[in-house]
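First up is the structure itself, then whatever we jot down about it.
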Amino acid sequence: MSTQARVAILGFGLTGRIAALMLAERYQISVFEQAKEGAEASAGSVAAAMLAPLAESVICDEALAQQGLESMALWPQLLAQLDTPVFFQQQGSLIVAHGQDRGDLVSFQQRLKPLKDHHAEAVSGERIAQLEPDLGGVFHQGLYLPCEGQLDNQAFYQSSATTLSNRGVKVHYGVHCDEAQKARLSQAYDWVVDCRGLGAKASCNGLRGVRGEVARIYAPEVTLTRPVRLMHPRYPIYIAPKPEHQFVIGATEIESQDNGEITVRSTLELLSAAYSVHRGFAEARVLSLLAGLRPAFKDNHPKIEQQGNVISINGLYRHGYLLAPLIVKQALSKELL
């Protein structure tokens with residue numbers, strides 16, 4: 001295919017950005033985004049960007065978790081393309097529980113699915129203190145999942161936008177792409193890559209929104225080097241450390257189409273659970289409280305479809321950052337890569 005072929009990407013969320021990065025060197029790329037510039041509203045902007053295939057295997061099938069392992073290997077390649085660095089680590093994650101919640105930890109361990117060459121390590125209080133000194137003496141039981149990692153989603157959004165602009169990719173903001181507009185673009189461009197997420201709900205059978213809420217805080221008194229999950233019967237949470245003592249705390253998961261602001265109840269539960277992990281969170285500064293909808297299908301599996309010159313990618317559910325590089329690559333590889 002000619003390097004001058006023209007590709008339209010619908011949606012400038014996580015999958016749209018990854019698609020643009022994968023295609024920018026070979027094609028003329030135009031992106032059409034419904035939101036206004038600077039008003040990030042995609043699921044990828046409301047996320048902790050954890051790469052947790054083993055932990056996520058508790059709620060997904062083994063094949064999907066295995067895909068997550070494959071997808072993680074693509075992130076360093078993607079990030080290497082960016083003009084400014086993005087925080088990325090693969091130092092594992094730590095699962096902890098207070099003494100009264102040992103049953104939830106045991107249940108979690110029993111539901112972990114076997115992944116090739118990767119397993120959970122049961123850890124004592126002493127081992128927890130070695131991995132995370134700030135948690136020494138607080139927790140006496142846990143699991144260490146060494147294959148897992150994370151990145152900084154806000155830094156990725158900023159750096160990818162700058163890099164793509166430097167590569168000559170034009171992003172058209174404030175453009176509502178319904179099915180009629182998509183059809184017009186398919187006539188004007190050689191290829192259309194539909195990454196609209198819930199923007200495609202009207203024409204995408206079975207697509208639904210799953211609400212998630214997160215807090216981003218600045219806690220200079222807290223030092224954690226890897227994501228920490230707290231097992232709790234009512235509100236299990238994760239705490240994902242980012243650069244400069246910032247932390248993302250999440251996440252609620254609610255079967256709801258409500259895209260309103262985060263609720264008081266969710267805020268209290270997230271921050272109270274974080275305080276129970278580390279008392280230093282008491283003096284933290286709240287940087288943002290965000291809520292958003294993740295696009296998902298009934299089986300919570302992503303879908304790739306092609307009709308003519310239109311390729312559609314959707315339904316990454318809560319596995320966006322974990323699966324997106326592999327799913328986008330699979331979607332594009334037959335025709336465009």
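- From Ile239, atom CD1 reaches atom NE2 of His278 across 9.5 Å, with rounding to the nearest 0.5 Å.
- Residue Arg102 places its CZ atom among 12 or fewer non-hydrogen atoms of other residues, nucleotides or ligands, all under 6.0 Å distant.
- Within the 3.5 Å criterion, the main-chain N or O of Asp152 finds no donor-acceptor partner in the side chain of Tyr157.
- The backbone N or O of Gly103 lies less than 3.5 Å from no partner atom in the side chain of Ser107, so there is not a single donor-acceptor pair.
- Nearest heavy atom pair, residue Ala8 against residue Phe32, reads CB-CE1, 3.8 Å.
- Note: Lys242 NZ to Ile217 CD1 = 12.5 Å, rounded to the nearest 0.5 Å.
- Residues Tyr173 and Lys36 approach most closely at CD2-C, 3.9 Å, considering heavy atoms.
- Counting only heavy atoms from C-beta outward, the side chains of Val58 and Leu112 approach each other to under 4.5 Å.
- For the pair Gln67 and Leu323, the minimum side-chain heavy-atom distance is below 4.5 Å.
- Annotation: Gln100, atom CD; neighbour count of heavy atoms from other residues, nucleotides and ligands within 6.0 Å is above 12.
- With Tyr321 contributing its side chain and Gly44 its backbone, the two residues share a donor-acceptor pair below 3.5 Å.
- Met72 and Leu326 are members of different hydrophobic clusters when ILVMFWY side chains are connected at heavy-atom separations under 4.5 Å.
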For His301 and Leu64: C-alpha separation, side-chain torsions, deciding distance, then whether side-chain contact (heavy atoms from CB on, under 4.5 Å) applies. CA-CA 8 Å; His301 280 230; Leu64 200 66; 4.1 Å; yes

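- Using modelled atom types and a 3.5 Å distance limit, the side chains of Gln28 and Lys170 yield no donor-acceptor pair.
- Of the inter-residue distances, the one linking Leu224 atom CG with Leu94 atom CG reads 9.0 Å to the nearest 0.5 angstrom.
- Atom CD of Gln141 and atom CE of Met231 lie 11.5 Å apart (nearest 0.5 Å).
- For the pair Ser71 (side chain) and Gly68 (backbone), a donor-acceptor distance under 3.5 Å is absent.
- When atom types are taken as modelled, the side chain of Glu244 and the backbone of Gln246 share no donor-acceptor pair closer than 3.5 angstrom.
- Considering every non-hydrogen atom in both Trp191 and Gly308, the closest pair reads CZ3-O, 3.8 Å.
- With contacts defined as side-chain heavy-atom distances shorter than 4.5 Å, the pair Pro114/Glu62 qualifies.
- The hydrophobic cluster containing Val210 does not contain Leu270, counting ILVMFWY residues as joined when their side-chain heavy atoms lie under 4.5 angstrom apart, directly or transitively.
- Side chains of His319 and Asn300: a donor-acceptor N/O pair is absent below 3.5 angstrom, by distance only.
- The side-chain heavy atoms of Leu10 and Leu185, taken from C-beta on, include a pair separated by under 4.5 Å.
- Grouping the Ile, Leu, Val, Met, Phe, Trp and Tyr side chains by contacts below 4.5 angstrom, directly or via other members, places Val175 apart from Ile9.
- Looking at Val31 and Val169, their side chains come closer than 4.5 Å, going by heavy atoms from C-beta outward.
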After noting the C-alpha distance and the side-chain angles of His245 and Thr223, does the key distance pass the side-chain contact (heavy atoms from CB on, under 4.5 Å) rule? CA-CA 7 Å; His245 288 279; Thr223 299; 3.5 Å; yes

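- Residue Phe156 is tested with Phe88, Phe87, Trp75 for a ring-ring contact (aromatic ring centres under 6.0 Å, His included); the sole match is Trp75.
- Residue-environment remark: NE2 (His172) exceeds the threshold of 12 foreign heavy atoms within 6.0 Å.
- The environment of CD in Gln181 is crowded: more than 12 heavy-atom neighbours from other residues, nucleotides or ligands sit within 6.0 Å.
- When the shell of 6.0 Å around NZ of Lys113 is examined, it contains more than 12 heavy atoms from other residues, nucleotides or ligands.
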In sequence, state the C-alpha distance, the side-chain angles, and the governing distance for Ser160 and Thr163, and then conclude on side-chain contact (heavy atoms from CB on, under 4.5 Å). CA-CA 5 Å; Ser160 59; Thr163 298; 5.7 Å; no

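- Between Arg26 and Glu335 there is no salt bridge, since no side-chain N of the basic residue sits under 4.0 Å from a carboxylate O of the acidic one.
- Among the candidates Ile237, Val96, Ile95, the single residue satisfying the side-chain contact (heavy atoms from CB on, under 4.5 Å) test with Val228 is Val96.
- Taking CG from Leu207 and CZ from Phe297, the interatomic distance works out to 4.5 Å, rounded to the nearest 0.5 Å.
- For the pair Tyr27 (side chain) and Leu336 (backbone), a donor-acceptor distance under 3.5 Å is present.
- Between the side chain of Arg318 and the main chain of Arg294, no donor-acceptor pair closer than 3.5 Å is present.
- Considering all non-hydrogen atoms of both residues, Ala52 and Leu322 come closest at N-CD1, 3.9 Å.
- Applying the salt bridge (Lys or Arg N to Asp or Glu O under 4.0 Å) test to pairs two or more places apart or on separate chains, those with a residue in residues 131-141 are Glu132-Arg226.
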Can Val277 and Leu135 be said to form a side-chain contact (heavy atoms from CB on, under 4.5 Å), step by step? CA-CA 8 Å; Val277 172; Leu135 303 185; 3.9 Å; yes

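- Under the 3.5 Å distance criterion, the side-chain polar atoms of Glu33 are matched with a main-chain donor or acceptor of Phe12.
- Pairs engaging residues 172-184 under the salt bridge (Lys or Arg N to Asp or Glu O under 4.0 Å) rule: Glu179-Lys182, Glu179-Arg196, Lys182-Asp194 [sequence neighbours left out].
- Side-chain contact check for Asp190 versus Val7: every heavy-atom pair is 4.5 Å or farther apart.
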Do Arg229 and Asp101 pass the salt bridge (Lys or Arg N to Asp or Glu O under 4.0 Å) test, and can you show the C-alpha distance, the side-chain angles, and the key distance before you say yes or no? CA-CA 13 Å; Arg229 292 177 184 251; Asp101 299 320; over 6 Å; no

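- Between the side chain of Arg6 and the backbone N or O of Ala188 there is at least one donor-acceptor pair closer than 3.5 Å.
- Within the structure, every pair that satisfies the salt bridge (Lys or Arg N to Asp or Glu O under 4.0 Å) test and touches residues 264-287, not counting sequence neighbours, is listed here: Arg234-Glu269, Arg265-Glu269.
- When every heavy atom of Leu230 is checked against every heavy atom of His98, the shortest pair comes out as CD1-CD2, 4.0 Å.
- A salt bridge is defined here as a Lys NZ or Arg NE, NH1 or NH2 lying under 4.0 Å from an Asp or Glu carboxylate O, and Glu213 with Arg211 meets this definition.
- Using a 4.5 Å heavy-atom cutoff, the side chains of Ile311 and Glu305 are not in contact.
- Of the possible polar contacts, one joining the Ser256 side chain to the Asp258 backbone as a donor-acceptor pair under 3.5 Å is found.
- In terms of heavy atoms, Ile18 sits closest to Ala324 at CD1-CB, 3.6 Å.
- To the nearest 0.5 Å, atom CG of residue Asn314 and atom OG1 of residue Thr15 are 7.5 Å apart.
- Tracing side-chain contacts under 4.5 Å through hydrophobic residues (I, L, V, M, F, W, Y), one reaches Phe247 starting from Phe139; they form part of the same cluster.
- Under a hydrophobic clustering in which Ile, Leu, Val, Met, Phe, Trp and Tyr are joined whenever their side-chain heavy atoms come within less than 4.5 Å, directly or via other members, Leu290 and Ile254 fall into different clusters.
- Between Thr162 and Thr84, every side-chain heavy-atom pair lies at or beyond the 4.5 Å cut-off.
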